[in-house]
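Data first, discussion second: the structure below is written as structure tokens.
Every chain is numbered from 1 and lettered A, B, ... according to where its sequence line falls, protein lines coming before strand lines.
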Amino acid sequence: MTIIEVPDGWPADEETAQAVQEELRARLVVAEEGPGVGEGNVTGVDVAYDDARDLVAAAAVVLDGRTLEVVEEATAVGRVSFPYVPGLLAFREVPTVLAALGRLAARPGLLVCDGYGLAHPRRFGLASHLGVLTGLPSVGVAKNPFTFTYAQPGEARGEFGDLVADGETVGRALRTRAGVKPVFVSVGHRVSLDRACAHTLHLSPRYRLPETTRHADALCRRALGEALSTNTE
DNA sequence: GCGACAG
DNA sequence: ATCTTGTCGC
């Protein structure tokens with residue numbers, strides 16, 4: 001198993017990382033509607049960590065956007081490239097996630113990330129970061145409201161309330177299952193908020209979290225476990 | 001200054 | 001994220 005190395009010149013401190021973030025943000029595109037629901041592929045990405053061994057395993061799972069059937073899976077294992085700092089999550093995951101994406105033969109289509117896009121202290125979360133680096137349309141679907149405030153959505157599936165940062169709407173608290181805690185959706189890159197939510201609903205026909213996230217989560221845990229046992233033998 | 005804080 | 005058993009409910 002090849003362990004992905006942290007790229008040369010990768011930010012080593014918070015100041016540098018923020019500077020890189022600001023530069024990349026200039027390339028963010030938010031004026032596109034993005035792919036329609038059911039069009040092309042949809043790819044979920046997620047990572048699992050082993051902090052003790054400084055390892056991160058990433059998974060990319062491509063689903064058919066219409067049927068939600070798995071088209072292809074890929075994984076990569078790398079070194080943790082940055083400490084966890086709220087607002088700088090992307091610097092921790094990006095190299096290994098890009099490696100996993102690079103191992104796909106299928107066209108990824110829309111990227112569905114764990115975490116945020118525009119809903120971010122500097123409006124450039126993980127989903128936006130990955131979108132800009134890959135050029136792919138992307139959305140962020142997070143499980144927690146982070147530091148933001150939000151309007152409680154109605155109890156029915158599909159209802160939503162605004163996710164607000166500094167008085168600005170940066171995403172939505174979207175109910176994917178009746179009576180269950182909402183997920184927090186924000187635009188990543190090259191997609192509108194309406195479509196980001198429509199995709200999230202389409203991808204979550206049965207559970208709170210999108211099928212993309214569920215598949216990717218299971219796969220990256222599996223990959224991490226295999227990497228650890230392979231390494232210990 | 002202190003605490004909270006996507007994963 | 002991750003450490004962790006049983007348990008309530010569909």
Its contact letters, B for base, S for sugar-phosphate only and - for none at protein heavy atoms under 4.0 Å, make nucleotides 2-7 of chain B read ---BBB
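Rounded to an integer number of Å, the gap from A/L228 CG to C/dT2 P is 11 Å. Atom C1' of nucleotide C/dC10 and atom OH of A/Y207 are separated by 11 Å, given to the nearest angstrom.
There is no path of hydrophobic side-chain contacts, each under 4.5 Å, that joins A/Y116 to A/L111. Hydrophobic cluster membership differs between A/V77 and A/L104, with clusters built from Ile, Leu, Val, Met, Phe, Trp and Tyr side chains linked at under 4.5 angstrom.
Scanning DNA chain B for stems, defined as runs of 3 or more consecutive Watson-Crick or G-U wobble pairs whose donor-acceptor distances all fall under 3.5 Å, gives no such range.
Enclosure of atom CZ in A/R107 is not indicated, since only 12 or fewer non-hydrogen atoms of other residues, nucleotides or ligands lie within 6.0 angstrom.
For an aromatic pair to be called close, the ring centres must be under 6.0 Å apart, and A/F184 with A/F148 fails this. For A/F91 and A/H129, the gap between ring centers is short of 6.0 Å.
Residue pairs meeting the salt bridge (charged side-chain N to carboxylate O under 4.0 Å, His left out) criterion with at least one member in residues 138-167 of chain A, sequence neighbours excluded: A/D114-A/K143, A/R123-A/D166, A/E155-A/R175.
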Given the rule in the side chain to side chain contact (heavy atoms under 4.5 Å, CB included) test, do A/V183 and A/T200 qualify, once you have shown the distances and angles that lead to the verdict? CA-CA 9 Å; A/V183 296; A/T200 301; 4.1 Å; yes
Could you give me the CA-CA distance, side-chain angles and deciding distance for A/L130 and A/V94, then say whether side chain to side chain contact (heavy atoms under 4.5 Å, CB included) is met? CA-CA 7 Å; A/L130 283 172; A/V94 156; 3.9 Å; yes
